[in-house]
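Sequential numbering from 1 along the given sequence is applied to the chain's residues. As the structure lists them, so they are numbered: ligands from 1, and atoms in each ligand from 1. What you see is a predicted model; the values in this text were computed from it and never measured.
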Amino acid sequence: MKPRILIVYTGGTIGMIEDQATKTLRPFDFTHLMDNVPKVKMLDYVIDNIQFDPPIDSSDMSPAHWQDIARAIASNYDNYDGFVVLHGTDTMAYTASALSFMLDGLEKPVIITGSQLPIGEVRTDGEENLITALQIAAETDTDGRPMVQEVAILFEDYLWRGNRASKRSADNFNAFRSSNYPELARIGLGIHYNRESLHRDHGHASGMTAHYNLDLGVIGIDLFPGLTETSLRHMLATPGIKGIVLRTYGTGNAPTAQWFTDAITEAVQRGIVIVNVTQCADGGVHPRRYLAGDILSSTGTVSGADLTFEAAITKLMFLFGLGLSPEEVRRRMTHTIAGEMSV
Ligand code: ASP
């Protein structure tokens, strides 16, 4: 039986061409992309595709698009062994995180990839990324079960857990990194899987259920020296806001000024869930380490531990989308749903 893979083409640099008039890169159709990767035919797979019409630069990605991707996967779940999502790199980590929450009980590979250089360019990284992603999506373990049973990002030399990765380079072919979780696989002469870090359901999953509802009453706030009380209070008073990801310093520290503490405390008392994540690329929040973190934590903010910003934002959208109370969202923010945090 040939492996059956469904490609969901959303756009991104991998399929872009240069616009003659403006000399800028713009999304182009899937046929052009596949015409540039004749080697795909060397894989003895059944490959079908679903395309975004029109394909988009991932800067235009929205939760409505995540619903489209989740729907494409869910409605074809039983007919394919694996899924490859072709996506721009700019917001790939947000999509990967969102899908990891939306595709509840996933037991098949959803491999998201793209490239830094368009597929039509001589030095493109797109061909290798696409072929490797297809191979990973088709890979089985010794029991004949899918090797990867989660949402993952394949880029250049590594396969990362999707909700642990972030785009770290606007230039390097190894554009993604996951500082707080080891790679799922390293790509070299072979694809070397790191079995310890691959998700396994241990037989508990009872089929895949897609959750489509996402609540957009969520924002991120970045701390920086010079943030004023007026700006902060404006952001905390955003109409319809239910959840905030607060990007703090170091191990979760924030200004100790009374106006800051008061503004955050009042927002928490209004029922807003404020999740504390670090601005640092590695490590996580340890709120009791410094007085500056302890004071922030005493306002009622929730520690996001080592969540990435992308995972924290989409997790809040997802949990509020389930219609949960602020108390329940607060509680679930400290528990892992899809291996997105170390707790
Ligand atoms: N702007 C592009 C996108 O995210 C960048 C890329 O794909 O690398 O769609």
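- Interface of G12 with ligand 1, defined as ligand atoms under 4.0 Å from a residue heavy atom, comprises 7 (O), 9 (O).
- Here the straight-line distance linking atom CG of D57 with atom CG of L25 works out to 9.0 Å at 0.5 Å rounding.
- Cation-pi geometry between K108 and F83 is not satisfied (NZ or CZ under 6.0 Å from the ring centre, within 45° of the ring normal).
- Rounding to the nearest 0.5 Å gives a distance of 11.0 Å between CD of Q116 and CZ of R123.
- Listed by atom number, the atoms of ligand 1 under 4.0 Å from T13 heavy atoms are 2 (C), 5 (C), 6 (C), 7 (O), 8 (O).
- When each of I136, V110, L106 is tested with V148 by the rule side chain to side chain contact (heavy atoms under 4.5 Å, CB included), just one qualifies, namely I136.
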Stepwise side-chain hydrogen bond (donor to acceptor under 3.5 Å, both in side chains) test for S97 and E340 | CA-CA 8 Å; S97 298; E340 71 279 6; over 6 Å; no
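- Among protein heavy atoms, the minimum distance from atom 8 (O) of ligand 1 is reached at T89 OG1, 2.5 Å.
- When hydrogens are left out, the protein atom nearest atom 9 (O) of ligand 1 is S58 N, 2.7 Å; that is the closest non-hydrogen contact.
- For the pair S59 and ligand 1, the shortest N or O to N or O distance does not fall below 3.5 Å.
- Between T91 and ligand 1, a contact under 3.5 Å exists for no N or O pair.
- Counting heavy atoms closer than 4.0 Å to ligand 1, residue S115 contributes backbone atoms (N, CA, C, O) but none from C-beta onward.
- Closest protein heavy atom to atom 1 (N) of ligand 1: D90 OD2, 2.7 Å.
- Taking the six-membered ring for Trp and thresholds of 30 and 60 degrees, Y9 and F30 have ring planes inclined between 30 and 60 degrees apart.
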